[in-house]
Amino acid sequence: MNEVVPSHVAIIMDGNGRWAEKRKMKRTKGHQMGAKALKRISEYVYDKKINVLSVFAFSTENWKRDKEEVDYLMDLFLKSFKANFDTIKQKGVKVVFSGIKDRLNDKVIKAMEKMSEETKNNKNGIFNICLNYGGQDEITNATKRISKDVKDGVISCDDITPALLNKYLFNDLPPIDLLIRTSGEYRISNFMLWQMAYAELYFTDTLWPDFDEKEMDKALLAYNKRDRRFGGVTKK
Ligand code: IPE
Ligand code: IPE
Ligand code: MG
């Protein structure tokens, strides 16, 4: 069977806390191991010629957690951005961020801006990091800006199409082909609602820190067995 490579893979990286709790460790240790897993997987994905990788790093709902955990995560993002920046640049991947910057601290915002700016002309793939991200927020934000442009006469109501709305999202990305969620939870948790309209969904019990290249291969194999009909009928 010829392998079909999905063009856009999105991952809800879940289960860091449970990974640590199972080992009687602090939840933060799970996040640290989760960051390592992401480094491995992101390199693997671009080597496989997958063009876009979107990852859920922090949701708009994750602020509900203890301050200690949130602070740890923000610090971890900063450290991981710094530690992985050279590899990203060397691979020629463009980094983009999705989410609202308002509650993020200045250091994190600066690091995000530096990464986006210095990789903006890269052509070997896109790494979309969803940080302080919510799918409903993204669509609401797009709707507001579209309404403003209609009011200001920049566009007319008739110009509004799915393709146009896509351009008003945090990033104008292709649709998700394969959505992976780890840790045995069967929900979307307000992740890329618009972009996953026709995504193939893959759920695994594996906790995110244990998700390695072999697990990725399993997900890609499952994707290859799917019959993507998009509402049509497959000709036999
Ligand atoms: C996912 O792991 C990482 C983030 C949400 C930042 P969790 O921290 O949600 O891990 P569990 O679900 O509690 O095991
Ligand atoms: C989704 O995981 C968010 C991230 C992976 C960053 P959560 O653990 O926050 O989601 P719920 O609480 O299970 O819906
Ligand atoms: Mg979770």
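For ligands, and for the atoms within them, numbers begin at 1 and follow the listed sequence.
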Subject >> D177 (side chain) donor-acceptor with H8 (main chain) under 3.5 angstrom >> reply: yes

Original post:
Is the closest N or O pair between W19 and ligand 1 shorter than 3.5 Å?
Top reply: no

Subject >> Enclosure of E68 CD (heavy-atom neighbours >12, cutoff 6.0 Å) >> reply: no

**OP:** Would you check the N or O atoms of R65, main chain and side chain alike, for any that come under 3.5 Å of an N or O of ligand 1?
**Re:** yes

Original post:
Which protein heavy atom lies closest to atom 12 (O) of ligand 2, and at what distance to 0.1 Å?
Top reply: R187 NH2, 4.5 Å

Original post:
Considering only protein heavy atoms, which is closest to atom 6 (C) of ligand 1, and at what distance to one decimal place?
Top reply: A57 O, 3.4 Å

Original post:
Considering only protein heavy atoms, which is closest to atom 2 (O) of ligand 2, and at what distance to one decimal place?
Top reply: R181 NH2, 3.7 Å

Original post:
Does some non-hydrogen atom of M13 fall short of 4.0 Å from ligand 2?
Top reply: yes

**OP:** Evaluate the criterion salt bridge (Lys or Arg N to Asp or Glu O under 4.0 Å) for residue pair R229 and D227; output intermediate values, then yes/no.
**Re:** CA-CA 6 Å; R229 293 190 288 278; D227 179 17; 2.9 Å; yes

Original post:
Are any of the N/O atoms in F58 less than 3.5 Å from those in ligand 1?
Top reply: no

Pairs under 3.5 angstrom only: tabulate donor-acceptor contacts from the side chains of residues 163-172 to other protein residues two or more places apart or in another chain.
{"unit_1": "N166", "atom_1": "OD1", "unit_2": "W194", "atom_2": "NE1", "d": "2.9"}
{"unit_1": "N166", "atom_1": "ND2", "unit_2": "D172", "atom_2": "OD1", "d": "2.8"}
{"unit_1": "N166", "atom_1": "ND2", "unit_2": "L173", "atom_2": "O", "d": "3.0"}
{"unit_1": "Y168", "atom_1": "OH", "unit_2": "D149", "atom_2": "OD2", "d": "2.6"}
{"unit_1": "N171", "atom_1": "ND2", "unit_2": "F97", "atom_2": "O", "d": "2.9"}
{"unit_1": "N171", "atom_1": "ND2", "unit_2": "S98", "atom_2": "OG", "d": "3.1"}

Original post:
Which residue holds the protein heavy atom closest to atom 8 (O) of ligand 2, what is that atom called, and what is the gap in Å?
Top reply: D14 OD1, 3.2 Å

Subject >> ligand 2 contact on K64 by region, counting heavy-atom pairs under 4.0 Å >> reply: neither

**OP:** Would you please test K107 and D75 for salt bridge (Lys or Arg N to Asp or Glu O under 4.0 Å) and show each step?
**Re:** CA-CA 9 Å; K107 276 192 196 161; D75 197 49; over 6 Å; no

Original post:
Strictly under 4.0 Å, does any heavy atom of G15 approach an atom of ligand 1?
Top reply: yes

Original post:
Quick check: are there more than 12 heavy atoms from other residues, nucleotides or ligands sitting under 6.0 Å from CD of Q136?
Top reply: no

Subject >> Option passing side-chain hydrogen bond (donor to acceptor under 3.5 Å, both in side chains) with Y223 (candidates E3, K218, R228) >> reply: R228

Subject >> Protein heavy-atom partner closest to atom 10 (O) of ligand 1 - residue, atom, separation in Å >> reply: G17 N, 2.9 Å

Original post:
To which protein heavy atom is atom 9 (O) of ligand 2 closest, and what is the distance rounded to 0.1 Å?
Top reply: N62 ND2, 2.9 Å

**OP:** Any chance you could lay out the salt bridge (Lys or Arg N to Asp or Glu O under 4.0 Å) test for K48 and D217, step after step, and finish with the verdict?
**Re:** CA-CA 10 Å; K48 284 247 160 196; D217 281 344; 3.5 Å; yes

**OP:** Output yes when K110 and D106 qualify as a salt bridge under the 4.0 Å nitrogen-oxygen rule, no when they do not.
**Re:** no

Original post:
For ligand 1, does R27 get within less than 4.0 Å through its side chain, its backbone, both, or neither, judged by non-hydrogen atoms?
Top reply: side chain

Subject >> Min heavy-atom dist E185 to ligand 2 below 4.0 Å >> reply: no

Original post:
Can you list the atoms of ligand 1 that are under 4.0 Å from a heavy atom of R18?
Top reply: 11 (P), 12 (O), 14 (O)

**OP:** Taking the Mg ion (ligand 3) as the reference point, name the nearest N/O/S atom of D14.
**Re:** OD1

Subject >> ligand 2 N/O within reach of S189 N/O, cut-off under 3.5 Å >> reply: yes

Original post:
Does NZ in K39 sit with more than 12 non-hydrogen atoms of other residues, nucleotides or ligands closer than 6.0 Å?
Top reply: yes

**OP:** Applying ring-ring contact (aromatic ring centres under 6.0 Å, His included), name anything that partners F203, two or more places apart in sequence or on another chain.
**Re:** Y186

**OP:** Show which atoms of ligand 1 fall inside a sub-4.0 Å distance from at least one heavy-atom site of H31.
**Re:** 3 (C), 8 (O)

